[in-house]
Number of protein chains: 2
Amino acid sequence: MSNELEPIKVAVSPQERFGDFLQSRGMRQTEQRKNLLNLVFSEHEHFDADQLLERLPSKGELGYVSRPTVYRTLGEFVDAGLLRKFELDGRSVYEHDYGYPEHDHFYCTKCEQLIEFQNAQIADLTAELARTHNFQVRSYRLIIRGICEDCRRSRRRVRRKVDLI
Amino acid sequence: MSNELEPIKVAVSPQERFGDFLQSRGMRQTEQRKNLLNLVFSEHEHFDADQLLERLPSKGELGYVSRPTVYRTLGEFVDAGLLRKFELDGRSVYEHDYGYPEHDHFYCTKCEQLIEFQNAQIADLTAELARTHNFQVRSYRLIIRGICEDCRRSRRRVRRKVDLI
DNA sequence: TTGAATGCAAAGGATTTGCAGAGGC
DNA sequence: GCCTCTGCAAATCCTTTGCATTCAA
């Protein structure tokens, strides 16, 4: 996918930040955690637990991480503020949070792609609404569902062909 | 919950509308469908399949509807445009769509209540964003997570008590 | 009468958990 | 060495499905 936004410049790497997180909680720096963190931050992409597992070495191979550990560790990344989690069509989807600007998504129900966009008004509006309703915001999530530009185009092409018969 | 918005006046009842839907698809008007529709529209509330099942008579009793039928029928209500479905904490939540105005939600992660609010700017902004990105919108969903007014208050009270010790 | 709908039991998919052994610190 | 972490297997939760029976039209 080529809809990456401009990353935020951060002084501390995700690795370092996660190290601090582990230390502060008396947790250990294991091979599995290192492997997963590197993999997750090697590429900017939305993914679910299965997709991450597919990118990992298979059982028996060097660098393998089991499914339960993947789930456990993703939760830790969220707690550490590195990833953000949300739900889409019944499964959990993760995305970069640390070092990445606030943004929202279009979700194309045809190609099932998430398309990121930035718009300051949404955050402003959310903050204003929260103030009005005395609600203390932790986070918000706007997802716009429909058909993306590419899919609209290809659908139109198909129709034309049919029309010509 | 007492955060109901003003219903939209509709000429046709949900029952009638669903009847038309069934007819147009060659589907049948069964006791189960009638029971569920009446139950669902007897009260304005967000609910999941389990909560609906709890409000139904138990097995053996008059008016009982089995779990698979509840799931199947909720899907039909969504297809008929009577309900809207979304995901929250990994389960499917339903709300009135027919006869109810467009709105968004605060979700209090403490009391797990959904609080509705109306704001025209969100729809406008969504439409504008879609236009800019050549995206064809089918629906959108904004959920603002955090702590609601009541929970903030009670939390404060608890703190005060503790402070007095 | 006849095809659609239901209930049952069972399957399915995603995620979590208990626990014994492995391994950071 | 102690205590956390991992992988395994199994459990759990929510939802869907196959199929024989029931029932609306």
Side-chain angles (χ1 to χ4, degrees), chain A residues 15 18-39 46-80 83 85-94 112, chain B residues 15 18-39 46-80 83 85-94 112:
Chain A
Q15 282 74 8
F18 191 53
D20 293 350
F21 170 84
L22 293 176
Q23 192 121 50
S24 72
R25 299 218 180 177
M27 295 164 76
R28 289 164 184 179
Q29 191 111 33
T30 66
E31 277 311 305
Q32 289 87 338
R33 285 177 177 143
K34 276 184 227 165
N35 287 169
L36 289 172
L37 188 54
N38 290 336
L39 192 58
H46 300 90
F47 63 92
D48 60 23
D50 258 306
Q51 290 168 328
L52 185 56
L53 272 156
E54 276 167 23
R55 292 173 57 202
L56 278 166
S58 327
K59 201 184 294 195
E61 290 175 8
L62 190 73
Y64 166 75
V65 181
S66 72
R67 182 174 286 273
T69 296
V70 165
Y71 277 100
R72 284 186 281 238
T73 309
L74 285 172
E76 294 163 9
F77 291 166
V78 171
D79 292 344
L83 295 183
K85 176 184 178 175
F86 58 102
E87 272 142 41
L88 204 61
D89 291 345
R91 70 196 198 290
S92 292
V93 176
Y94 299 84
E112 299 185 339
Chain B
Q15 282 76 6
F18 191 53
D20 293 349
F21 170 85
L22 292 176
Q23 192 121 49
S24 72
R25 300 218 180 177
M27 293 164 76
R28 289 165 184 181
Q29 192 110 33
T30 64
E31 277 311 307
Q32 289 87 339
R33 284 177 178 142
K34 276 183 227 165
N35 287 169
L36 289 173
L37 188 54
N38 291 337
L39 191 57
H46 300 91
F47 62 92
D48 60 24
D50 259 304
Q51 291 168 329
L52 185 55
L53 273 156
E54 276 166 25
R55 293 173 56 203
L56 279 166
S58 328
K59 201 183 296 196
E61 290 175 8
L62 190 72
Y64 167 74
V65 181
S66 71
R67 183 175 286 274
T69 296
V70 165
Y71 275 101
R72 283 186 282 238
T73 308
L74 285 173
E76 293 163 9
F77 292 166
V78 171
D79 292 344
L83 295 183
K85 176 184 178 178
F86 58 101
E87 272 144 43
L88 203 60
D89 292 345
R91 71 197 197 287
S92 292
V93 176
Y94 298 84
E112 299 185 339

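Since we're looking at a predicted model, the values are computed, not measured. Chain letters run A, B, ... following the sequence lines, proteins first, then strands; residues in each count from 1.
Direction change of the helix axis from one end of the helix from C:dT1-D:dA25 to C:dC25-D:dG1 to the other is 30°, with five pairs defining each end axis (rounded to 10°).
Distance A:Gln32 CD to D:dG7 C1': 9 Å, rounded to the nearest Å. The distance from atom CG of A:Leu56 to atom C1' of D:dT6 is 14 Å, rounded to the nearest whole Å. One atom, CG of B:Leu53, and another, C1' of D:dT15, lie 12 Å apart when rounded to the nearest Å. Rounded to a whole Å, the CE atom of B:Met27 is 15 Å from the C1' atom of D:dC23. As rounded to whole Å, 15 Å separates atom C1' of D:dC3 from atom CG of A:Leu22. With rounding to whole Å, A:Leu74 atom CG is found 12 Å from D:dT6 atom P. The CD atom of A:Gln23 sits 13 Å away from the P atom of D:dC5 (whole-angstrom rounding). Counting to the nearest Å, the C1' atom of D:dT15 and the CG atom of A:Asp89 are 14 Å from each other.
Between B:Thr30 and B:Gly90, the residue anchored nearer the 5' end of DNA chain D, judged by the nucleotide with its closest heavy atom, is B:Gly90. Of the two residues contacting DNA chain C, namely B:Glu76 and A:Asp50, the nearest-nucleotide position lying further toward the 5' end is that of B:Glu76. Residue-to-nucleotide proximity on DNA chain D shows that, of A:Arg33 and B:Ser92, the 5′-proximal contact is made by A:Arg33.
Residues passing the side-chain contact (heavy atoms from CB on, under 4.5 Å) test with B:Asp20, sequence neighbours excluded: none. Listed by chain and number, the residues in a side-chain contact (heavy atoms from CB on, under 4.5 Å) with A:Thr73 are A:Arg33, A:Leu36, A:Thr69, A:Glu76, A:Phe77 (sequence neighbours excluded).
Counting non-hydrogen atoms of other residues, nucleotides and ligands closer than 6.0 Å to CD of B:Gln29 gives a total above 12.
In summary, contact between chain A and DNA chain C, defined as any nucleotide atom under 4.0 Å from a heavy atom of the protein, begins and ends at C:dA14 to C:dC25 in the 5' to 3' direction.
Going from atom CG of B:Asp79 over to atom CZ of B:Phe21 covers 5.0 Å, rounded to the nearest 0.5 Å. We find the CG-CG distance between B:Leu37 and B:Leu83 to be 8.0 Å, quoted to the nearest 0.5 Å. Between atom CZ of residue A:Phe18 and atom CG of residue A:Asn38 there is a gap of 11.0 Å, rounded to the nearest 0.5 Å.
B:Glu87 contributes a side-chain N or O that, together with a main-chain N or O of A:Asp89, makes up a donor-acceptor pair within less than 3.5 Å.
Closest approach to the A:Val65 side chain among D:dG7, D:dC14, D:dC5 is made by D:dG7 (side chain taken as heavy atoms from C-beta onward).
Ring orientation note: the planes of B:Phe47 and B:Tyr94 are close to parallel, at an angle under 30° on the 30°/60° scale.
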Validation: residues 48-61 of chain B side-chain donor-acceptor distances under 3.5 Å, sequence neighbours left out:
residue : atom : partner : partner atom : Å
B:Asp48 : OD1  : B:Asp50 : N            : 3.2
B:Asp48 : OD1  : B:Gln51 : N            : 2.8
B:Asp48 : OD2  : B:Arg91 : NE           : 2.7
B:Asp50 : OD1  : B:Arg67 : NH2          : 3.0
B:Gln51 : OE1  : B:Asp48 : N            : 2.9
B:Arg55 : NH2  : B:Leu39 : O            : 3.1
B:Arg55 : NH2  : B:Ser42 : OG           : 3.2
B:Glu61 : OE1  : B:Ser58 : N            : 3.3

Provide a list of protein-nucleic acid N or O atom pairs under 3.5 angstrom, restricted to nucleotides 16-19 of chain D.
none

